[in-house]
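First up is the structure itself, then whatever we jot down about it.
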Number of protein chains: 4
Amino acid sequence: MPERSPDPARRSERSRTAILSATRKLSAELGYQAMSIEAIAAAAGVGKQTIYRWWPSKGVLMLDMWGEQVQLQGEFPDTGDVAADLKVQIRGLVELANDPELGPSLRSLIGAAQHEPALLEELLTSIVRPRIEACKRRLRKAQEDGQINRGVDLDIAVDLLYGGFYHRLVLPVTRLDDAFVNGIVDEALRGIGATL
Amino acid sequence: MPERSPDPARRSERSRTAILSATRKLSAELGYQAMSIEAIAAAAGVGKQTIYRWWPSKGVLMLDMWGEQVQLQGEFPDTGDVAADLKVQIRGLVELANDPELGPSLRSLIGAAQHEPALLEELLTSIVRPRIEACKRRLRKAQEDGQINRGVDLDIAVDLLYGGFYHRLVLPVTRLDDAFVNGIVDEALRGIGATL
Amino acid sequence: MPERSPDPARRSERSRTAILSATRKLSAELGYQAMSIEAIAAAAGVGKQTIYRWWPSKGVLMLDMWGEQVQLQGEFPDTGDVAADLKVQIRGLVELANDPELGPSLRSLIGAAQHEPALLEELLTSIVRPRIEACKRRLRKAQEDGQINRGVDLDIAVDLLYGGFYHRLVLPVTRLDDAFVNGIVDEALRGIGATL
Amino acid sequence: MPERSPDPARRSERSRTAILSATRKLSAELGYQAMSIEAIAAAAGVGKQTIYRWWPSKGVLMLDMWGEQVQLQGEFPDTGDVAADLKVQIRGLVELANDPELGPSLRSLIGAAQHEPALLEELLTSIVRPRIEACKRRLRKAQEDGQINRGVDLDIAVDLLYGGFYHRLVLPVTRLDDAFVNGIVDEALRGIGATL
DNA sequence: ATTTAACCGAGACGGTACGTCTAGTCTTGAT
DNA sequence: ATCAAGACTAGACGTACCGTCTCGGTTAAAT
């Protein structure tokens with residue numbers, strides 16, 4: 001027998017929606033850890049099998065719920081002012097992190113990914129890497145425009161710009177606010193040779 | 001009835017040590033999540049109650065093990081060369097992350113803390129905040145020495161220096177290696193006004 | 001919420017049988033007291049929940065096993081010879097008591113019932129009282145047939161006939177054998193006015 | 001090392017008494033089953049070890065407490081009227097069984113003996129067998145006096161006389177009262193050839 | 001229009017681990 | 001050496017979920 005994968009064409013949209021809604025509701029109420037698949041199934045009025053059939057793990061279910069709810073900004077803007085463009089993007093992330101529902105949910109997701117390699121890969125592929133690439137494209141453009149040093153290692157640049165965000169997200173010693181956004185972008189850009 | 005707390009004077013050192021060793025071993029093998037109290041007790045040749053008696057949660061047990069096993073570098077060195085001093089410290093962290101036993105264990109721990117507020121608080125208090133403060137003390141000294149700008153926000157500086165590490169730890173898109181250490185410190189310091 | 005009782009239609013016959021067999025085996029080996037639900041589940045290759053789902057207590061499980069395994073002689077035979085009929089019945093009990101598996105199990109059960117009122121009640125209702133009533137019906141018939149005195153108190157008669165069995169079962173000073181059966185019935189019947 | 005048995009000479013009478021009292025009190029309050037060694041120790045103000053040191057099991061402790069509290073009637077009276085003498089003795093047993101403290105305690109003891117061979121042996125030796133022998137001596141006397149048949153098996157006679165008591169004690173379908181005492185003795189004696 | 005095959009809700013199943021409880025042993029310091 | 005106190009190993013308790021596995025009962029496509 002090859003794989004016995006279910007037929008997406010016959011999938012019940014009603015169930016899919018109910019499961020994602022229940023997931024969103026319960027993850028906000030109980031947190032990722034305390035939210036059991038059983039509880040999601042019960043809250044959604046759905047059989048457990050229907051969840052197991054379509055999602056490989058609770059983490060991936062969360063990620064799917066995320067994809068549904070959050071419109072992840074695609075390409076970076078390019079106004080010619082690289083500092084301003086970066087601030088817009090990072091400010092978007094900060095707002096997400098401060099959302100009372102999505103913030104904890106994002107933290108949970110990153111947390112779960114630490115002991116679920118498949119979820120981590122999915123998270124990197126669907127969210128993290130695309131954003132990093134977009135950021136690097138914008139920085140490359142800034143190099144061409146002569147706004148930042150040509151020799152700089154863009155991975156390092158990304159760490160300078162985004163690392164602070166993740167640092168404060170997972171180890172919240174300090175607030176994530178607008179002052180943070182402006183400070184981090186300005187200092188990071190100066191680090192990589194921008195004349196501000 | 002007051003609390004019925006056990007008497008630390010009569011505590012068995014033998015058991016305490018065996019439990020912490022088993023925790024170290026199992027957290028590396030299985031990760032924080034999959035490591036059960038039952039398994040720790042069995043591996044340590046100890047009754048479960050002995051674990052529950054002395055530790056309020058698996059997370060705190062992990063932190064205790066960490067405190068025991070890892071010589072957490074206390075104060076920053078001060079050789080006069082702030083860049084070199086920072087590199088030593090961050091290189092230490094990177095080595096920890098790349099240790100086959102402690103690295104996975106640290107990632108696991110940070111992951112679990114994302115949905116366990118009590119664990120997070122304990123982690124911040126016992127490990128993260130002391131290190132950040134030590135770093136800020138060193139940076140303040142560098143300001144006094146005229147090596148970096150006096151006006152710079154030290155929290156931002158810490159994010160520039162350490163954020164990249166956590167970024168690459170929890171979302172491992174890029175390697176944590178020596179090139180990273182040198183790159184991040186040099187660029188970050190330039191960002192905060194060091195003349196390298 | 002009403003009761004959340006399981007659906008007997010979906011019950012696994014395989015598990016039910018395995019549990020009852022394991023109970024029979026273990027109660028003989030270990031006795032009622034020392035036989036744990038965990039051990040039954042393990043021996044039956046069954047989840048503990050499956051036992052808890054269908055039986056309210058270990059005692060009821062034991063009684064169920066008994067009902068299953070032992071062909072509890074229902075009505076007394078009526079050959080016209082009351083002495084012979086009684087001997088058949090009591091000899092059956094004696095054989096049960098001497099069975100290497102069921103004997104210890106029965107003693108265990110009666111023993112446990114001495115400090116578990118609910119178990120005692122269940123035992124009386126499901127096993128003891130029906131047998132006593134059957135015996136009394138047979139004795140009443142014998143009274144009508146003029147084989148024993150009409151005035152005799154049937155509860156006393158039952159004690160004369162069955163008391164010796166329980167005496168020797170729980171306080172085994174003397175053997176339970178065929179001589180016992182014949183002796184007790186003959187003397188008891190003479191006591192209550194039979195002309196043998 | 002040979003046996004490491006404690007030295008009875010150094011035994012604390014204070015503790016022994018306190019333990020037996022606590023046992024009596026708790027067995028009446030909670031019943032045999034629910035009465036834990038821990039609770040006895042706590043109630044007696046005694047270390048658990050002191051109990052384990054001097055008694056091999058809870059059942060034997062109960063038996064000891066019994067021996068302390070109950071003055072077990074020794075020899076049967078011999079008034080010349082065997083029926084009357086037997087009724088006195090059995091009435092004594094019935095009163096014991098109906099005592100609100102000693103009755104449950106006796107039942108518990110018999111119950112526990114069903115899965116504790118050592119306790120059973122102790123119980124038979126210290127209480128049951130001596131009483132049976134005394135009864136048989138009295139019956140033998142009655143045979144000599146021509147009050148009952150010479151050929152009768154005395155073990156059977158004992159079962160007829162005492163069996164009813166144990167039957168009603170361990171499987172209390174019917175009351176243990178004076179009518180029972182009179183009925184059982186009269187019918188039993190008639191069974192074994194007494195002319196009443 | 002009927003068959004048929006998948007998905008669906010429901011929930012029983014074999015398991016693992018939970019955190020609590022008690023048994024019986026071991027250790028410590030006081031008498 | 002025994003005692004009170006209580007920490008220890010051990011393991012069962014009854015509960016909660018895990019992920020798998022039937023079971024009938026809808027659907028929706030293929031006959």
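Given the structure is predicted, the values throughout are model-derived calculations rather than measurements. Numbers restart at 1 for each chain; the letters A, B, ... are given by sequence-line order, proteins then strands.
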What distance do Arg107(A) atom CZ and Leu109(A) atom CG have between them, rounded to the nearest 0.5 Å?
-> 12.5 Å

Is the cationic atom of Arg11(C) (NZ for Lys, CZ for Arg) positioned less than 6.0 Å from the six-membered ring centroid of Trp55(C) and within 45 degrees of its normal?
-> yes

In whole angstroms, how far is the P atom of dT31(E) from the CZ atom of Arg11(D)?
-> 23 Å

State whether Arg53(C) places a side-chain N or O below 4.0 Å from either non-bridging phosphate oxygen (OP1 or OP2) of dC13(E).
-> yes

Give the rounded distance in Å between these two atoms: CH2 of Trp55(B) and C1' of dT20(E).
-> 19 Å

Between Glu13(C) (CD) and dC13(E) (P), how many Å, whole number?
-> 11 Å

Rounded to the nearest 0.5 angstrom, the CD1-OG distance for Ile40(D) and Ser36(D) is 7.0 Å

Quickly work out the Asp7(B) CG to dA4(F) P distance and round it to whole Å.
-> 19 Å

Run the salt-bridge test on Arg16(C) and Glu68(C) with the 4.0 Å N-O cut-off and return the result as yes or no.
-> yes

Tightest non-hydrogen contact, residues Ala44(B) and Ala18(B), listed as CB-O, 3.5 Å

Any idea which heavy atoms bring Met62(C) and Ser27(C) closest together, and the distance?
-> SD-CB, 3.6 Å

Picking from Leu124(C), Leu63(C), Val60(C), what satisfies side-chain contact (heavy atoms from CB on, under 4.5 Å) with Leu119(C)?
-> Leu63(C)

Look at the side-chain N and O atoms of Trp54(B) and state whether any lies under 4.0 Å from the OP1 or OP2 oxygen of dC8(F).
-> yes

Show me the protein contacts with nucleotides 21-23 of chain E, counting only N or O atoms at under 3.5 Å.
{"residue": "dC21(E)", "atom": "N4", "partner": "Gln49(B)", "partner atom": "NE2", "Å": "2.8"}

Value in whole Å for how far the C1' atom of dT20(E) lies from CD1 of Ile51(B) | 14 Å

Side-chain donor-acceptor contact under 3.5 Å, Ser105(D) with Glu101(D) = no

Kindly compute the distance separating CD1 (Ile51(D)) from OG1 (Thr23(D)), expressed to the nearest 0.5 Å.
-> 6.5 Å

On a heavy-atom basis, the closest approach of Gly47(A) and Ala41(A) is C-CB, 4.2 Å

OP1 or OP2 of dG14(E) less than 4.0 angstrom from a side-chain nitrogen or oxygen of Thr50(C), does that happen here?
-> yes

In this structure, are over 12 heavy atoms from other groups packed under 6.0 Å from Arg53(C) atom CZ?
-> yes

Enumerate the protein-to-nucleotides 27-31 of chain F contacts in which both atoms are nitrogen or oxygen and the separation is below 3.5 Å.
none

Does any residue of residues 14-30 of chain D have a heavy atom under 4.0 Å from DNA chain E, and if so, which ones, in number order?
-> none

